[in-house]
K.L.:
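Below you'll find the structure I mean.
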Amino acid sequence: MGTTANQDQAIKQLQSIMDQIDESMKNTYQNMHQGYPTETLARFLKARDWNVAKAHKMLVDCLEWRIQNKIDDMLAKPIIPSNLYRAVRDSQLLGLSGYSKEGLPIITIGAGLSTFDKASVHYYVQSHIQINEYRDRVILPAATKKYGQHISTCLKVLDMTGLKLSALNHLKLLTTMSTIDDLNYPEKTETYYIVNAPYIFSACWKVVKPLLQERTRKKIQVLQGCGRDELLKIMDYSSLPHFCRKEGSGSSKNTEDGSNCFSPDHAFHQQLYSYIKQQAELLDSISPIKQGSVHVGFPDPDPEDAKIARTIESEFHRLRNLNGLSNSVNGLKVDGN
């Protein structure tokens, strides 16, 4: 982790302040940093442009959120029955396709074809947080051990296949999950790769890009087509997401070789669900497993994030109006007289 002398000093200052937190916060902090407190402090400082006071507030707010919402127990709260979990997986497309050549986990997201229509909002948020926690507490420590170096970030590949104007209906939920990530899991993604982007994405990207912080903007790479050739520079074919393996493949629910990383039957999801059930059984003697979603407090979005969401909404409405005008024009018949 390359840091300047001023940044090292900021880390020391924040560490000194964090040494004074109470025991309940220390416990959840340990669960969060997984033995790497310095790197965790650096992430929060980076997210607040190395301002110690702002980073301290952000970190304390995060720890309070974890305690209030029992995030430490989130990996012991299975979504049951299993057919409900399968429904969540089929409508919230994400997974793990493998690892980059440097050992970073590759998180895949079917942004265009996720429908979020098979369960309540709370189940989708619960599932999202569980994958974050599983990534941080299981996947990243395992990768660190396997590759012999500290790995604390991931890569994300977002498939825009099937993105439609109706995605506006999901904007509030997506903003909620994005806010949870920004405030409580900052700087966990090294690079976002956008693939299979249709015109609607390109139109929105044009108006959203100038609103992003330069640090965020640099992380986002919009690749040509399915991005296969570019992605193969940083990962082996075996880790390439199924929707990047050939042009036009997209987030298909069926793949011949069973490599669909969105499927509930994919190895990653099987391991994740088994892990959560095992953790639940360990806690079962204390409090029996209950059906129903875990209700997590939704933080207020950052003003900048709220502005971006409004811009996306405005652009979607503009495109919808253009689309409606185009359809009405196409439907006109010219009188031969």
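Everything numeric in this text was worked out from a predicted model, so none of it was measured. Side-chain atoms are counted along with the backbone in the values below, which use heavy atoms only and exclude waters and symmetry mates.
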K.L.:
Holding to salt bridge (charged side-chain N to carboxylate O under 4.0 Å, His left out), I want the full list of residues that pass it with Glu133, two or more places apart in sequence or in another chain.
P.N.:
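Result, salt bridge (charged side-chain N to carboxylate O under 4.0 Å, His left out) vs Glu133: Arg66, Arg137.
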
K.L.:
Contact between Lys26 and Leu63 at the side-chain level, heavy atoms closer than 4.5 Å - yes or no?
P.N.:
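Not touching, per the 4.5 Å side-chain cut-off.
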
K.L.:
Do other residues, nucleotides or ligands put more than 12 heavy atoms under 6.0 Å from the NZ atom of Lys209?
P.N.:
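No, not enclosed.
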
K.L.:
Same cluster or not: Trp205 versus Leu174, using hydrophobic residues (I, L, V, M, F, W, Y) connected whenever any side-chain heavy atoms lie under 4.5 Å apart?
P.N.:
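Linked within one cluster.
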
K.L.:
List the residues meeting side-chain hydrogen bond (donor to acceptor under 3.5 Å, both in side chains) with His269, not counting sequence neighbours, and say none if there are none.
P.N.:
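So His269 forms no side-chain hydrogen bond (donor to acceptor under 3.5 Å, both in side chains) with any residue.
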
K.L.:
With sequence neighbours left out, write down each residue that passes side-chain hydrogen bond (donor to acceptor under 3.5 Å, both in side chains) with Lys206, or none if nothing qualifies.
P.N.:
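Lys206 satisfies side-chain hydrogen bond (donor to acceptor under 3.5 Å, both in side chains) with no other residue.
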
K.L.:
Would you please name every residue forming a salt bridge (charged side-chain N to carboxylate O under 4.0 Å, His left out) with Asp117, sequence neighbours left out?
P.N.:
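Result, salt bridge (charged side-chain N to carboxylate O under 4.0 Å, His left out) vs Asp117: none returned.
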
K.L.:
Any non-hydrogen side-chain atom of Ile129 less than 4.5 Å from a side-chain atom of Tyr185?
P.N.:
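The answer is yes, as the side chains (C-beta and beyond) meet within the 4.5 Å cut-off.
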
K.L.:
For Ala87, check side chain to side chain contact (heavy atoms under 4.5 Å, CB included) against everything at least two apart and list the hits.
P.N.:
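So Ala87 forms a side chain to side chain contact (heavy atoms under 4.5 Å, CB included) with Lys118.
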
K.L.:
Do the numbers put Arg89 on top of the ring of Phe262, so that NZ or CZ is under 6.0 Å from the six-membered ring centre and no more than 45° off the axis?
P.N.:
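No; the conditions do not both hold, so Arg89 does not lie above the ring face of Phe262.
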
K.L.:
Partners of Lys57 by side chain to side chain contact (heavy atoms under 4.5 Å, CB included), sequence neighbours excluded?
P.N.:
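Lys57: side chain to side chain contact (heavy atoms under 4.5 Å, CB included) contacts with Asp61.
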
K.L.:
Are Lys46 and Glu39 within salt-bridge range, i.e. N to O under 4.0 Å?
P.N.:
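No, this pair does not count.
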
K.L.:
Run the salt bridge (charged side-chain N to carboxylate O under 4.0 Å, His left out) test against Arg86 and tell me which residues pass, sequence neighbours left out.
P.N.:
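Here the qualifying residues are Asp265.
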
K.L.:
Can you name the residues that form a salt bridge (charged side-chain N to carboxylate O under 4.0 Å, His left out) with Asp19, not counting sequence neighbours?
P.N.:
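Not a single residue meets the salt bridge (charged side-chain N to carboxylate O under 4.0 Å, His left out) criterion with Asp19.
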
K.L.:
Applying salt bridge (Lys or Arg N to Asp or Glu O under 4.0 Å) as the test, list every pair that has at least one member in residues 140-158; sequence neighbours left out.
P.N.:
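Counting only pairs at least two positions apart or across chains, no salt bridge (Lys or Arg N to Asp or Glu O under 4.0 Å) contact touches residues 140-158.
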
K.L.:
Listed by chain and number, what are the side-chain hydrogen bond (donor to acceptor under 3.5 Å, both in side chains) partners of Gln213, not counting sequence neighbours?
P.N.:
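With neighbours one apart ignored, the set is Arg215.
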
K.L.:
Between Thr179 and Asn184, is there a side-chain heavy-atom distance shorter than 4.5 Å?
P.N.:
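Counting from C-beta outward, Asn184 and Thr179 never come under 4.5 Å.
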
K.L.:
Could you give all pairs that pass the side chain to side chain donor-acceptor pair (under 3.5 Å) test and reach residues 95-113, with sequence neighbours left out?
P.N.:
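Listed once each, the pairs would be none.
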
K.L.:
Angle class for the His33/Tyr29 ring planes (parallel below 30°, perpendicular above 60°, tilted otherwise)?
P.N.:
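Judged by the thresholds at 30° and 60°, the geometry between His33 and Tyr29 is perpendicular.
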
K.L.:
Does this structure show an ion pair linking Lys218 with Glu214, if we count only N-O contacts that are shorter than 4.0 Å?
P.N.:
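Yes, Lys218 and Glu214 are salt-bridged.
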
K.L.:
Could you tell me which residues satisfy side chain to side chain contact (heavy atoms under 4.5 Å, CB included) with Asn69, sequence neighbours excluded, listed by chain and number?
P.N.:
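Once residues adjacent in sequence are excluded, the partners of Asn69 under the side chain to side chain contact (heavy atoms under 4.5 Å, CB included) criterion are Trp65, Ile71, Val296.
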
K.L.:
Indicate, with yes or no, if the rings of Tyr124 and His128 have centres closer together than 6.0 Å.
P.N.:
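Between His128 and Tyr124, which both carry aromatic rings, the centre distance is not below 6.0 Å.
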
